Amino acid sequence: MYERRVITKSEFHYMRVSLDVQNPAKALPVELTNVYFKQAVTAALTRLFGDIGGAMVAVDVLKYNEGDRSAILRVHSHNLVKLWSALTLTDRYMSRKCAFRVHQVSPYLMGLAVNSREYEHT
Amino acid sequence: MAAPLNFNSPKNLLVFEQSSFSNEKSRHKTVIGDHYFNCAVEVCSPNVAQIPTTVTASLSPSSYYIVRNLPLSRLIDKEFIEAFVRNGAFYAVSLNTRIDVANSVAVLPTGKLVLSVDKDMYETLGLEGRRSIFSQTRERKFVIEVELTKPSFTPGKKNYERTKWCFSERLNLRFDFVFTWVPHDKSICSSSVGKYFSGMGLSVSSCRAQMMSNTMKDVCVPDLLALNILENSQDLFEWLGAVSCYIDSEEEASNDFVSMYTTPSPCNICTQLTHAKWQGFFTPEAIAMVIDEIRLYLKTPDHPPWASVTVHGYADSPVSWRGKEHGYHQGGENIYTYIVFPNDNYWLYMAVGSHDVCP
């Protein structure tokens, strides 16, 4: 038995992102938990595409690390450009200056498990 | 009313194959052997407390080297070609060179030197090459290939002298390389290349693969025997990715607002799921050995129902499979995963991004 399938379109895309906040010593008014992080992403989408346009982009926060405010996001492939642009154009969250950094983007979650560009050989 | 905004994401290719190691037409040897530059290996298996020591033994001791500021002209020295390129498999890929914005170089074990260069470098260097297949509309990237082991590539011949002159006089190209050498003659030590380079006054450092291991308790694991794999192949690959990224689906799924991700069904609760990751530089020979060890392990009593081996290629390598051109668009993924079963059947995923040829 031999079977071969070629899938040319991934259903989802995955992004490894982090949220940089200006002057981290002056903390945000709330602790940025995964719920608040998701809310920051949703706010970024709503700001650029409006209430309905933003709500049509479903984003999942698959993993979130509160320590460095980094996350792995999952989005439908046809919404990747919208999400990426909304994150790029974000400059404020809870009236603090901030920026989303996009570290890695891949059509496979497996692609985010390793980053040969950042690995330090020892 | 405004037209809806539609943006397409770049194309990508996920190839799924189902076959058996005992099938004489099985391509598993070429899939592993023709993927030269591997930066990470992951092994995952349910119902085992730890990864078998035989697997760890075939990966952990693999040492490789980093040489700083190596002039490209040194790689085409006749002495070097005769001693190392002809007498073994020499794997080298440039380090800290981003292929999408800069130049990247690799020496394949087949004896080919491959340069992926930008337009400026191509025009200044003056060596014959071809336009990258991923920049057909804009002349942005070029690929130059030099056959090191060709009988005519020897001092005194026009092509050799021209290449030597371009690499040393025209542009004194220097790169950091990560490399390893597997000699044909097993009595020769593979560290000879490192000594050869350090004898030239170059800085050479020896590196070892780093291992990380993680065991998860009472996790939901898809039942691969009951899963309709041809319909759910993407879901299973996503789940393997979630394990590799240490995503706790139970915890994240507890809040629907945060994530709607669920483990593919049908799934069972497994007492433990072990995952190990090695990072460094791995030859195809080492990976073939891991697959063989996994196959043997799955034939022992109390074996787990399956085990997976995932191999990640270097994102900035100028080639992926069979020396075919590779590039970096949004990512430079060139990954393959074997899911091995005790009866020698396997499922294979090969995943590449938009700047890659179908594997």
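Letters A, B, ... mirror the listed sequences (proteins, then strands); counts begin at 1. All values reported here derive from a predicted model rather than from experimental measurement.
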Discussion item. Check whether B:Y246 forms a cation-pi arrangement with A:K63 (NZ or CZ under 6.0 Å from the six-membered ring centre, at most 45° off the ring normal).
Written reply: no
So A:H121 and B:L95, do their side chains get closer than 4.5 Å, heavy atoms only? yes
Honestly, the part of A:V41 sitting under 4.5 Å from a heavy atom of chain B is neither
Turns out that what part of A:Y2 lies under 4.5 Å from chain B's heavy atoms comes down to both
Q. Ignoring hydrogens and geometry, is there a side-chain-to-backbone donor-acceptor pair from A:S106 to B:G331 under 3.5 Å?
A. no
So, the part of B:Y349 with a heavy atom under 4.5 Å from chain A: the answer is neither
Please step through side-chain contact (heavy atoms from CB on, under 4.5 Å) for the pair B:E238 and A:Y14, ending with a clear verdict.
CA-CA 10 Å; B:E238 183 185 47; A:Y14 305 86; 2.5 Å; yes
Quiz item: If we only count heavy atoms from C-beta on, is the B:H312 to A:M110 side-chain gap below 4.5 Å?
Solution: yes
- Task: Decide yes or no on side-chain contact (heavy atoms from CB on, under 4.5 Å) for A:I72 and B:C245, but give the supporting numbers first.
- Result: CA-CA 9 Å; A:I72 293 179; B:C245 291; 3.9 Å; yes
Bottom line for B:V93: the part with an atom under 4.5 Å from chain A's heavy atoms is neither
Honestly, the part of A:H13 sitting under 4.5 Å from a heavy atom of chain B is side chain
Honestly, the part of A:F12 sitting under 4.5 Å from a heavy atom of chain B is side chain
If one checks every heavy atom of B:K25 against chain A at 4.5 Å, the contacting part turns out to be neither
With heavy-atom distances below 4.5 Å as the criterion, would you say the side chains of A:L109 and B:I247 are in contact? yes
### Task
May I ask you to decide if B:A351's main-chain N or O and A:Y108's side chain share a donor-acceptor pair within less than 3.5 Å?
no
So, the part of A:R74 with a heavy atom under 4.5 Å from chain B: the answer is side chain
